[in-house]
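Below: the structure, in structure tokens.
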Amino acid sequence: MRDESLAEFLNNLGAKQSTPGGGAVAALNGAIACAQLKMVCEYTKNEDITENIDTLSQRVKTFLDLAEADIKAYEEVSKAYKAKSKTKINESLINALAPSIEIVAVCEELISFCEVNYSKFNSQLKADLVVCLANLKASVRSSQAMINTNLEALETSPKEAEKSRDYCYELLERVDKLYKKLGS
């Protein structure tokens, strides 16, 4: 995926094939949000902000790695279903949870960074920060859907699904609070 053009990725996403899918899109939304946040930081003259630029560059790469991990994980899920092995299906579904869970964790890191620093960002880039938050929100919502789908297929306890859902809802509420602070 990393070496594809955006047009190739979108063509593959729209094709009748199992990957890329929702998890890769969740990671791509995270990467877009992170790159936009990095751009906002590049234009902000505040040491607390600019010292994080390299970390944000690394997080963009992390999201792209997670997109690829999600694609590989879902390919294993597809193989397991074709093999009709309940053990392999459960194992692959458990493995498929990992990229989405990590996407949410990285999104939380970025949301926390925005919460702490929102008043320090270059005020002329407020719209860019809002777009960043919108993509973070899309990433969390998409990851939440992937997590819930995999947990339902595993027939795990509702407690695990509820915990995941609550965690994601909390992050979404935090983004909404940032929108309000930014006046959007």
Side-chain angles (χ1 to χ4, degrees), residues 1-14 19-71 97-148 164-184:
M1 184 194 121
R2 190 182 296 265
D3 296 328
E4 289 179 316
S5 70
L6 183 56
E8 290 169 325
F9 175 79
L10 294 173
N11 283 332
N12 288 333
L13 179 63
T19 61
V25 171
L28 186 58
N29 276 324
I32 290 168
C34 192
Q36 186 128 35
L37 181 57
K38 180 183 174 290
M39 186 267 293
V40 170
C41 291
E42 292 277 5
Y43 281 101
T44 300
K45 293 178 180 163
N46 181 300
E47 192 175 314
D48 293 338
I49 302 297
T50 56
E51 69 184 14
N52 288 284
I53 290 172
D54 290 340
T55 300
L56 291 170
S57 292
Q58 288 301 317
R59 293 300 174 262
V60 170
K61 292 175 185 172
T62 299
F63 278 119
L64 294 175
D65 290 344
L66 289 166
E68 290 178 351
D70 180 78
I71 289 168
L97 285 166
S100 294
I101 290 168
E102 184 63 23
I103 290 166
V104 173
V106 179
C107 285
E108 180 179 28
E109 178 185 324
L110 297 176
I111 292 166
S112 295
F113 177 72
C114 289
E115 287 172 328
V116 169
N117 295 296
Y118 78 92
S119 64
K120 298 174 188 172
F121 292 122
N122 183 327
S123 62
Q124 294 179 339
L125 298 172
K126 182 175 132 181
D128 292 290
L129 189 56
V130 169
V131 172
C132 162
L133 293 170
N135 278 292
L136 280 172
K137 195 169 182 177
S139 183
V140 171
R141 280 191 190 272
S142 302
S143 295
Q144 178 185 34
M146 301 310 296
I147 291 166
N148 290 341
S164 166
R165 222 178 349 264
D166 290 348
Y167 175 57
C168 290
Y169 282 137
E170 175 196 325
L171 291 177
L172 297 170
E173 286 175 12
R174 287 169 59 189
V175 171
D176 287 340
K177 285 179 185 176
L178 278 168
Y179 283 144
K180 288 178 185 172
K181 287 179 181 179
L182 291 167
S184 294

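Residue numbers count from 1 along this sequence.
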Practice problem: Of all the heavy-atom pairs spanning Thr44 and Asn122, show the shortest one and how long it is. | Solution: OG1-N, 3.0 Å

Quiz prompt | Atom pair SG/CG of Cys132 and Leu110 - distance to nearest 0.5 Å | solution = 7.0 Å

Quiz prompt | Backbone of Ala134 reached by a side-chain donor or acceptor of Tyr179 within 3.5 Å | solution = yes

Exercise. First locate atom CD of Gln144, then atom CD1 of Ile103, and finally report the distance between them rounded to the nearest 0.5 Å.
Key: 13.0 Å

Quiz item: Which pairs pass salt bridge (charged side-chain N to carboxylate O under 4.0 Å, His left out) with one or both residues in residues 133-143, sequence neighbours excluded?
Solution: Lys137-Asp176

Quiz prompt | Sequence-distant partners of Glu109, side chain to side chain contact (heavy atoms under 4.5 Å, CB included), two or more places apart | solution = Thr55, Arg59

Quiz prompt | Distance, nearest 0.5 Å, that separates NZ of Lys177 from CG of Leu133 | solution = 14.0 Å

Quiz prompt | Other residues, nucleotides, ligands: >12 heavy atoms within 6.0 Å of Gln124 CD | solution = no

Exercise. Look up atom CG in Asp65 and atom CD in Glu102, then write down how far apart they are to the nearest 0.5 Å.
Key: 10.5 Å

Would you list the atom pairs, donor with acceptor, under 3.5 Å between side chains in residues 111-121 and any protein atom, with sequence neighbours excluded?
unit_1: Ser112; atom_1: OG; unit_2: Glu108; atom_2: O; d: 3.0
unit_1: Ser112; atom_1: OG; unit_2: Arg174; atom_2: NH2; d: 2.8
unit_1: Glu115; atom_1: OE1; unit_2: Arg174; atom_2: NE; d: 3.3
unit_1: Glu115; atom_1: OE1; unit_2: Arg174; atom_2: NH2; d: 2.7
unit_1: Glu115; atom_1: OE2; unit_2: Arg174; atom_2: NE; d: 2.8
unit_1: Asn117; atom_1: OD1; unit_2: Lys120; atom_2: NZ; d: 3.4
unit_1: Asn117; atom_1: ND2; unit_2: Phe113; atom_2: O; d: 3.0
unit_1: Lys120; atom_1: NZ; unit_2: Asp48; atom_2: OD2; d: 2.9

Donor-acceptor pairs under 3.5 angstrom involving side-chain atoms of residues 23-43: please list them, not counting sequence neighbours.
unit_1: Gln36; atom_1: NE2; unit_2: Asp128; atom_2: OD1; d: 2.7
unit_1: Lys38; atom_1: NZ; unit_2: Glu42; atom_2: OE2; d: 2.9

Self-check item: Main-chain N/O of Asn135 paired to Ser139 side chain as donor or acceptor, under 3.5 Å
Solution: no

